[in-house]
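Everything numeric here is computed off the predicted structure, so don't read it as measured data.
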Amino acid sequence: MSRAAIQDGAGVWNDAALSIEKGHFFALLEERQITCFASVTDNSGAFVVMDEVAQEAGVLHVPLPAFFTPAQIDHALVACGAQYLIVEGSPEHSRRPGRAVRSLTICHRPLQVLALPVRSIERPPGTFRVSFTSGSTGQPKGVCLSREGVMGTAHALVAATEAIGLRRHLSALPFSVLLENVAGLIAPRLRGDVECVMPPLAELGLTGSSSLDVARMDASVRQYQPDSLILLPQMLRAWCAWLRAYDKRAPDSLKFVAVGGATVGERLVASAHGLGIPAYEGYGLTEAGSVLTLNLPGQSEPGSVGRVLPHAQLRVSPQGEVEIQSPGFLGYAGMSRDPSSWWPTGDLGSIDEGGFVRLTGRRSNLLITGFGRNVSPEWVETALRDQPAIDEAVVFGEGEPTLWAVVWSSATPEAISAAIRQANHELPDYARIGHWCPAVAPFSMQSGLATANGRPRRDRILDQHRDRALLRVGDRGALHINKSSFSFISND
């Protein structure tokens with residue numbers, strides 16, 4: 001048998017075997033005259049077949065996350081105008097909208113084809129991919145991308161990582177996430193000499209959008225011995241903590257671990273390197289076809305998100321906002337845009353003399369304290385998360401005399417307060433935390449306090465914590481309960 005092209009939980013497939021599977025699926029598209037279909041599936045060879053046949057046939061494939069609620073899936077199906085929905089399992093277990101019209105098996109995966117109500121939907125001309133993001137509201141947004149936008153990113157990643165010598169990639173994120181779809185599947189498949197390993201996400205310890213069994217993930221990485229991985233920051237943070245707790249190092253096979261999707265932080269990257277994880281921070285947006293900038297081995301700058309890749313155009317406005325020019329971004333489902341204009345990302349940042357991009361936070365999250373100082377909460381939150389005693393933190397303080405934080409941690413209140421004091425020593429006085437309270441739940445999609453990629457839902461966190469008793473951070477180590485919330489200025 002020739003070299004494996006992919007390996008999933010059901011088998012090992014070379015390109016010849018995949019070609020046969022593709023023929024069966026292409027026949028289905030022709031039989032049903034499908035021009036747009038959505039799918040809700042696990043990572044597998046079946047996904048690869050559906051995605052690549054759709055690309056070759058000029059059919060629009062819309063991968064939807066399995067962790068979307070039924071209402072979110074319904075909204076996405078209407079917004080993209082899908083004729084069919086393809087799901088895993090038997091009809092009685094699919095519990096999805098639509099009428100089952102066909103069963104089929106691709107790469108040993110049983111699938112159901114569900115017919116959806118006929119809808120007349122106008123999409124921007126040239127739409128090649130609609131990628132739905134959870135965003136910060138309940139209804140997902142459908143980002144319409146051109147072939148140029150998606151494949152341009154993939155080709156740029158192939159060129160950027162050529163010298164690293166990657167030959168096996170392990171997918172630890174769902175293919176419904178554009179980052180993994182483009183950087184972890186399309187780009188390696190373009191190279192042609194990279195084996196793509198895609199076990200069921202549960203085998204990797206990932207359940208839903210943000211529930212992670214770190215021990216299972218570590219075991220899978222050791223089992224498959226990949227050269228590369230793509231992780232979200234909270235996954236990297238949890239893995240580092242687990243390795244430290246068990247006095248272990250990451251497998252020697254790893255050559256490149258890309259990290260993005262939310263703020264990473266210089267200390268987390270340094271900690272990962274110390275544990276044998278070759279972590280490199282990058283930055284991208286769904287609207288840009290995924291990755292825009294990337295640190296690489298021998299071409300990295302601590303604290304940055306890397307240099308702009310050749311396919312991307314990026315600048316910083318006079319107001320400090322990062323803007324991109326992305327001809328691949330055609331608009332949102334149901335809306336269109338002028339592809340020639342510069343598009344504001346909402347991220348604040350700068351570009352240094354070496355061409356490295358540094359991000360400081362979100363423009364919409366910028367806090368103005370009661371003393372008129374502008375503070376990006378992400379900056380302070382990164383300093384807090386750099387402390388081992390703090391797992392997650394979200395900072396508030398708009399119009400208030402001092403900043404305060406909601407903290408998720410298993411440490412004692414005394415240890416958390418000590419960690420905050422340590423972080424405060426590294427921050428200017430106007431950015432220091434004056435008081436904090438423990439979070440009512442972890443910041444995750446399940447709790448409703450974070451998006452799928454781990455970004456906190458600040459409005460919900462504020463609503464659930466604004467009236468809770470707050471612990472003051474005293475310079476002499478004392479903890480003081482502040483029942484009246486924001487009535488004081490002193491931080492003694």
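For the residue pair Asp218 / Trp242, no side-chain donor-acceptor distance below 3.5 Å is found, with atom types taken as modelled. No side-chain donor from either of Gln299 and Asn295 sits under 3.5 Å from a side-chain acceptor of the other. Side chains of Glu180 and Ser171: a donor-acceptor N/O pair is present below 3.5 angstrom, by distance only. Side-chain atoms of Arg129 and Asn181 include a donor-acceptor pair closer than 3.5 Å. The closest side-chain donor-acceptor pair between Glu195 and Tyr224, if any, does not fall under 3.5 angstrom.
Using modelled atom types, no side-chain atom of Glu323 and backbone atom of Trp343 make a donor-acceptor pair closer than 3.5 Å. For Gln72 (side chain) and Thr69 (main-chain N/O), a donor-acceptor pair under 3.5 Å exists by modelled atom type. Looking only at distances, no side-chain donor or acceptor of Thr161 sits under 3.5 Å from a matching main-chain atom of Ile164. With hydrogens and angles disregarded, a donor-acceptor distance shorter than 3.5 Å links the side chain of Gln225 to the backbone of Arg222. The backbone N or O of Phe175 lies less than 3.5 Å from a partner atom in the side chain of Asn43, making a donor-acceptor pair. Here the side chain of Ser304 pairs a donor or acceptor atom with the backbone of Glu301 at under 3.5 angstrom. Side chain of Arg168 to main chain of Ser228: no donor-acceptor pair is present (N/O by atom type, distance under 3.5 Å, no hydrogens or angles). No side-chain donor-acceptor contact under 3.5 Å links Thr105 to the backbone of Pro110.
Counted within 6.0 Å of CD on Glu56, heavy atoms from surrounding residues, nucleotides or ligands total more than 12; the atom is thus considered enclosed.
Under 4.0 Å is where a charged nitrogen must lie from a carboxylate oxygen, and between Arg167 and Asp193 at least one such pair does. Checked for salt-bridge contact, Arg363 and Glu378 miss the test: no charged N lies under 4.0 Å from a carboxylate O.
By the side chain to side chain contact (heavy atoms under 4.5 Å, CB included) test, Ala115 pairs with Tyr84, Arg99, Val101, sequence neighbours left out. Qualifying side-chain hydrogen bond (donor to acceptor under 3.5 Å, both in side chains) partners for Glu52, counting only residues two or more places apart in sequence or in other chains: Lys22, Arg189.
Ring geometry, Phe47 versus His61: the interplanar angle falls from 30° to 60°, so the pair is classed tilted.
Between Phe37 and Phe25, the distance separating the two ring centers is shorter than 6.0 angstrom.
Residue pairs meeting the salt bridge (Lys or Arg N to Asp or Glu O under 4.0 Å) criterion with at least one member in residues 267-294, sequence neighbours excluded, are Arg267-Glu426.
The only member of Val197, Ile230, Leu185 that meets side-chain contact (heavy atoms from CB on, under 4.5 Å) when paired with His169 is Ile230.
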